[in-house]
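Input: a single structure, listed below in structure tokens.
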Amino acid sequence: MDILLLGSGGREDALAWAMRQSPSCGKLLAAPGNPGIARWADCVAIDPTDPDMVVSLAKREGIGLIVVGPEAPLVAGVADACRAAGIPVFGPNAAAAALEGSKGFTKDLCASEGIPTADYVRTDRMTEALDALDRFGLPVVVKADGLAAGKGVTVAFSRDDAEAAIRVAGDGPLVIEEFLDGEEASLFALVDGDTAIFLASAQDHKRVGEGDTGPNTGGMGAYSPARVLTPELEEAAMDLIVRPTARAMAERGTPFSGVLYAGLMLTADGPKLIEYNVRFGDPECEVIMPRIDGDVAALLHAVATGRLAEIEAPRLKDSVAATVVIAAEGYPGTPRKGGTIDGIEAAEREHGVTVFHAGTARHGSGALLATGGRVLAVTAIGRTLAEARARAYRGVDAIDFADGFHRRDIGWRELARTSA
Ligand code: AMP
Ligand code: GLY
């Protein structure tokens, strides 16, 4: 089976790496890819959010499976176009991608299906939003409705901050919601229509600074599994949150197909949904792919062709993976671009270490340069988190990237738990 992968980040490098090792994977193309992905795939410079370009490339190359990494092509209807052209695609149609694209859509779905989530008010009138503040007290959460990559969310601890966030949105669509207290964990489920199976748990580190301080980022590191999501909580989240969502989407005639990433708050009342994403997380994908035992390409193909209920459940290795993101100085504000990167091969000589490329470009001279925010995801697998993390940091220390920085405390919550 020849495969076309869409995207150009660390998530896609991990997907390409995993598929390259899959016995069922023949030719592997990536659009547009990056220098890391180019180790496993032939990169083609097309716009992955353009449905016509993607379909015509896939037809020309006789592609048997299209795997969509990021959300933008999904929201743009790329999966719809592939399905219409009869090409199996891993990733939902645009109507089902609304689970990520519109927070209001997801909140309303939760309300009508009785899915546990924070109590909320959805409005596009500023006066109504301000009134809602009285209902929820403090802290309160103000969310812009639309694809905001986590940046449209304000957790306000004072009335002034809440009002300021509402005024920024003006009469734009907003969700005002109850603050949920607890620890966050991510659950990844494979879904095809009304079949949903648990794949893996992970925990991300969204804040730029050590100890979870400073502004939000796309993620500075991750590990999998997240043991805070115990088997009991995982089952509860699948039964109360993920499966009812899959069922409701199928019943409405907009079935979901792909990976559903549930951001959960583990509250005293059980798991509650914070948000859905309709794709693998980045950098969570970098710690999930190394743990999958078996043919990843065949697994994604089974989802894409509606055969999830027929195949054996995916097996995960009894090991822990950790990834440390090296970002460019300035991230998440204005990252410094163009810094040179060396030492990736030395890092990968460390046992269990793979370096995924998130934001790199190859200069004509052959030098590897940083092109943006998150640059590398240095990933390692081990028997324990402590081992995986120690290996990942040995990898990080072997890399020579003067413009880079990273967090030194990836996995601290889990380590504090295991040493307690
Ligand atoms: P979202 O984009 O909805 O995932 O929100 C980004 C981050 O804001 C989440 O990862 C949480 O840390 C935080 N957050 C969102 N909603 C809530 C909530 N209702 N209660 C507490 N924290 C929240
Ligand atoms: N790491 C968070 C995300 O992929 O949305």
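All ligand and atom numbering here is 1-based and tracks the order in the structure.
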Under a 4.5 Å cut-off applied to non-hydrogen side-chain atoms, are K143 and D145 in contact? no
Paired with D212, the salt bridge (charged side-chain N to carboxylate O under 4.0 Å, His left out) test is passed by just one of K206, R207, R407, namely R407
Take a 6.0 Å sphere around CZ of R135 and say whether it holds more than 12 heavy atoms from other residues, nucleotides or ligands. yes
Test item: N34 and C43 side chains (from C-beta on) under 4.5 Å apart, heavy atoms: no
Does only the side chain of E178 get under 4.0 Å from ligand 1, or the backbone, or both, or neither? Count heavy atoms. backbone
A student checking ligand 1 against M265 at a 4.0 Å heavy-atom cut-off should list atoms 21 (C), 22 (N)
Numbering as shown, the atoms of ligand 1 that approach F179 to under 4.0 Å (heavy-atom distance): 20 (N), 21 (C)
Please compare K143, E100, R207, K103 and report which has the shortest non-hydrogen distance to atom 2 (O) of ligand 1. K103
Can you confirm, on distance only, whether ligand 1 has an N/O atom lying under 3.5 Å from any N/O atom belonging to E184? yes
Quick one: sort the H406 and Y393 rings into parallel, tilted or perpendicular, breaks at 30° and 60°. tilted
Regarding D134 and R159, does a basic nitrogen lie under 4.0 Å from an acidic carboxylate oxygen? yes
Check the side chains of E128 and T123 for a donor-acceptor pair under 3.5 angstrom, ignoring hydrogens and angles. yes
Please identify which atoms of ligand 1 are closer than 4.0 Å to at least one heavy atom of E177. 16 (N), 17 (C), 18 (C), 19 (N)
Under 4.0 Å to a heavy atom of K206 - the qualifying atoms of ligand 1, by number: 10 (O)
Does the side chain of F136 come within less than 4.5 Å of I176's, by heavy atoms? yes
Please give the N or O to N or O pairs under 3.5 Å between ligand 2 and the protein, distances rounded to 0.1 Å.
{"from": "ligand 2", "atom 1": "1 (N)", "to": "D204", "atom 2": "OD2", "distance (Å)": "2.7"}
{"from": "ligand 2", "atom 1": "1 (N)", "to": "G218", "atom 2": "O", "distance (Å)": "3.0"}
{"from": "ligand 2", "atom 1": "1 (N)", "to": "D282", "atom 2": "O", "distance (Å)": "2.9"}
{"from": "ligand 2", "atom 1": "1 (N)", "to": "E284", "atom 2": "OE1", "distance (Å)": "2.9"}
{"from": "ligand 2", "atom 1": "1 (N)", "to": "E284", "atom 2": "OE2", "distance (Å)": "3.4"}
{"from": "ligand 2", "atom 1": "4 (O)", "to": "R279", "atom 2": "NH1", "distance (Å)": "3.0"}
{"from": "ligand 2", "atom 1": "4 (O)", "to": "D282", "atom 2": "N", "distance (Å)": "2.9"}
{"from": "ligand 2", "atom 1": "5 (O)", "to": "R279", "atom 2": "NH1", "distance (Å)": "3.4"}
{"from": "ligand 2", "atom 1": "5 (O)", "to": "R279", "atom 2": "NH2", "distance (Å)": "2.9"}

Within the 4.5 Å heavy-atom criterion, are T379 and V353 side-chain neighbours or not? no
For V141, atoms of ligand 1 separated by under 4.0 Å from a heavy atom: 16 (N), 17 (C), 18 (C), 19 (N), 20 (N)
Checking contacts here: is it the side chain or the backbone of L180 that comes within 4.0 Å of ligand 1, counting heavy atoms only? Could be both or neither. both
Min side-chain heavy-atom separation I292-Q21 under 4.5 Å: no
For the residue pair T106 and L273, establish whether any side-chain heavy-atom pair is separated by less than 4.5 Å. yes
Using a 4.0 Å cutoff against the non-hydrogen atoms of A118, which atoms of ligand 1 qualify? 19 (N)
